[in-house]
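My questions all concern the structure below.
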Amino acid sequence: MQRIVVIGNSGSGKSTLARRMSAMLNMPAVHLDTLRFVENESWVS
């Protein structure tokens, strides 16, 4: 399995880049914020 990690500052376009790369490479994009964040609470470990 191949993986690409996109890191950078807030607002730098990481999600946009990940979505475009996902489409171009036919690979899933996994956004960790959607997996680990619970709204109105804190980060879940």
**Report entry** Partner residues of T16 under the side-chain contact (heavy atoms from CB on, under 4.5 Å) criterion, sequence neighbours left out
**Finding:**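 Scan of T16 (side-chain contact (heavy atoms from CB on, under 4.5 Å), adjacent residues dropped) gives R19, R20.
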Below 3.5 Å, can you tabulate the donor-acceptor pairs from side chains in residues 4-14 to any protein atom, sequence neighbours excluded?
{"residue": "S12", "atom": "OG", "partner": "N9", "partner atom": "O", "Å": "2.7"}
{"residue": "K14", "atom": "NZ", "partner": "G8", "partner atom": "O", "Å": "3.3"}
{"residue": "K14", "atom": "NZ", "partner": "N9", "partner atom": "O", "Å": "2.8"}

Query raised in the report: Between A29 and S22, which heavy-atom pair has the shortest distance, and what is it?
Result: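 Nearest pair, atom of A29 first, then S22: N-OG, 3.5 Å.
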